[in-house]
Number of protein chains: 2
Amino acid sequence: MSLPPTEPQLLPLLGGPPPERRDAARNRVRLLDAAQELVERCGPRAVTMDAVAAAAGVGKGTVFRRFHSREGLMAAVLDHSETEWQAAVLSGPPPLGPGADAWERLLAFGRSRLESTLLHAELIREAGHSGARAGGAHAFAATHVRYLLTELGVTGDLPILATALLAPLELPILDQQVTIEGFPVERVYDGWVDLARRIIGRP
Amino acid sequence: MSLPPTEPQLLPLLGGPPPERRDAARNRVRLLDAAQELVERCGPRAVTMDAVAAAAGVGKGTVFRRFHSREGLMAAVLDHSETEWQAAVLSGPPPLGPGADAWERLLAFGRSRLESTLLHAELIREAGHSGARAGGAHAFAATHVRYLLTELGVTGDLPILATALLAPLELPILDQQVTIEGFPVERVYDGWVDLARRIIGRP
DNA sequence: AGGCTAAACGGACCGTGGTCCGCTTTGTAT
DNA sequence: ATACAAAGCGGACCACGGTCCGTTTAGCCT
């Protein structure tokens with residue numbers, strides 16, 4: 001046994017994890033494309049991991065190495081739409097994007113988020129706990145709402161208040177109201193606006 | 001082929017599904033006991049349906065006939081504690097039970113629910129969508145909160161407002177704040193009280 | 001080019017949730 | 001008591017998520 005001929009990494013090379021090998025990257029996009037295509041053709045519920053692997057022309061093990069689990073894969077598919085939505089909030093046209101006053105933006109945010117959540121309901125459910133929603137997406141939304149609340153002059157524990165305002169727009173709660181109790185979406189939205197008014201402390 | 005000699009049910013016998021056969025009832029309690037015992041010994045995550053069936057001394061098919069699915073079984077186990085809690089709210093000692101004024105009761109309700117949700121977190125997660133929570137339990141909590149809000153003179157769309165007040169106490173949201181973001185429970189509770197004040201419209 | 005290492009690959013394999021169907025038990029009507 | 005229909009039973013069976021490990025391949029260093 002001898003010392004390795006060279007240090008595999010002379011400098012810490014600060015920054016993140018090592019880059020991805022070319023075949024790995026190629027397979028990741030193949031898998032994501034296949035998954036997206038299958039999801040929108042059969043619905044997320046009916047998509048099996050074997051099917052995705054086969055459609056992408058790779059082995060099953062590869063699917064699980066790229067995306068930890070089925071939930072992870074679904075989360076990745078969901079991430080596509082989520083990212084577009086974030087772009088619309090950050091730099092799209094008003095009133096959702098910048099350019100309108102904070103109250104208008106908050107209203108647009110609520111409606112947009114409500115519709116988006118209902119639109120992707122199945123996928124969100126399938127993405128479950130490891131959903132982009134549970135990680136980055138919620139953080140994004142919370143940050144944005146906190147910013148808007150600040151603009152509106154709200155004082156208090158903003159992270160908590162933002163969460164309280166976001167909570168009724170999360171799928172489990174929306175599902176309860178819309179799917180199970182059968183409330184019309186308009187009513188739920190109006191209720192949310194009312195909640196926002198009370199939190200802000202305005203007529 | 002002849003006509004059936006008697007009508008199996010002369011009168012509609014209004015009121016629900018036919019009664020349960022004796023062996024069926026016996027197996028239901030055996031299964032529930034076995035499940036509860038296994039859950040508290042190994043944690044809900046580790047309990048398999050085969051194990052429950054074996055521990056109860058019945059076949060696997062029987063488990064699935066009584067409780068539609070794994071989630072259904074977990075929901076049934078959860079239902080035990082949930083029922084006790086409901087009794088405490090309806091007829092236990094104040095301030096959770098009747099006897100205190102509405103605001104005190106609301107505070108006690110919030111704290112109790114928060115603690116109970118965190119305590120049974122794993123089970124609730126495992127019970128998933130068909131959880132007693134998604135069905136009867138949420139309805140109970142919503143009704144109670146609606147009642148308290150009425151007592152406090154709140155006007156508006158009460159069903160929606162009640163849901164908004166309950167939403168931050170649901171597991172997914174609590175999980176986000178406590179487990180992922182690491183907020184202390186006290187802070188979450190204080191935030192909830194603040195939310196309640198704003199909804200009611202009082203200092 | 002050639003050689004070497006670590007990463008990636010693929011598909012056989014396993015455990016578990018859920019279904020199916022032929023057999024048994026229960027309750028009732030004669 | 002006996003007969004009979006319906007509800008219940010059990011365990012073999014299937015499909016799908018997830019793991020494992022022997023083989024292949026990308027990237028790099030000489």
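Just so it is clear: chains get the letters A, B, ... in the order the sequence lines come, proteins before strands, and each one is counted from 1.
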For [X], give me all partners under side-chain hydrogen bond (donor to acceptor under 3.5 Å, both in side chains), at least two apart in sequence or on another chain.
X: Thr150(A); answer: none
X: Glu181(A); answer: Gln176(A)
X: Arg146(A); answer: none

Scan [range] against DNA chain C and write down, sorted by residue number, each residue with any heavy atom closer than 4.0 Å; if none is found, say none.
range: residues 34-52 of chain B; result: Val47(B), Thr48(B), Met49(B)
range: residues 19-32 of chain B; result: Arg21(B), Arg22(B), Asp23(B)
range: residues 56-68 of chain A; result: Val58(A), Gly59(A), Lys60(A), Gly61(A), Thr62(A), Arg65(A), Arg66(A)

Donor-acceptor contacts, no H, no angles, side chain residues 90-98 of chain A, under 3.5 Å, sequence neighbours left out:
residue  : atom : partner  : partner atom : Å
Ser91(A) : OG   : Ala87(A) : O            : 3.2

Quick one: side chains of residues 182-199 of chain B, donor-acceptor pairs under 3.5 Å with protein atoms, not counting sequence neighbours, listed by atom name and distance.
residue   : atom : partner   : partner atom : Å
Glu186(B) : OE1  : Arg111(B) : NH2          : 3.2
Glu186(B) : OE2  : Arg111(B) : NH2          : 2.9
Arg187(B) : NE   : Asp157(A) : OD2          : 2.7
Arg187(B) : NH2  : Asp157(A) : OD1          : 2.9
Tyr189(B) : OH   : Leu107(B) : O            : 3.3
Trp192(B) : NE1  : Leu165(B) : O            : 2.9
Asp194(B) : OD1  : Arg198(B) : NE           : 3.3
Asp194(B) : OD2  : Arg198(B) : NE           : 3.2
Asp194(B) : OD2  : Arg198(B) : NH2          : 3.4
Arg197(B) : NE   : Pro203(B) : O            : 3.1
Arg198(B) : NH1  : Ile199(A) : O            : 2.7
Arg198(B) : NH2  : Thr155(A) : O            : 2.8

**OP:** For Phe109(B), enumerate each residue passing the ring pair (Phe, Tyr, Trp, His ring centres under 6.0 Å) test, keeping only those at least two apart in sequence or located in another chain.
**Re:** Trp85(B), His144(B)

Enumerate donor-acceptor pairs with a distance under 3.5 Å from any side-chain N or O in residues 31-41 of chain A to protein atoms, sequence neighbours excluded.
residue  : atom : partner  : partner atom : Å
Glu37(A) : OE2  : Arg41(A) : NH1          : 2.6

**OP:** Please collect all side-chain hydrogen bond (donor to acceptor under 3.5 Å, both in side chains) contacts where either partner lies in residues 94-106 of chain B, sequence neighbours excluded, each pair once.
**Re:** none

**OP:** If a pair satisfies salt bridge (charged side-chain N to carboxylate O under 4.0 Å, His left out) and one of its residues is in residues 51-63 of chain A, list it, with sequence neighbours excluded.
**Re:** Asp50(A)-Lys60(A)

Subject >> Presence of salt bridge, Arg113(A) and Glu170(A), under 4.0 angstrom >> reply: yes

**OP:** For Arg70(A) and dT16(C), give me the distance from atom CZ to atom C1', rounded to whole Å.
**Re:** 16 Å

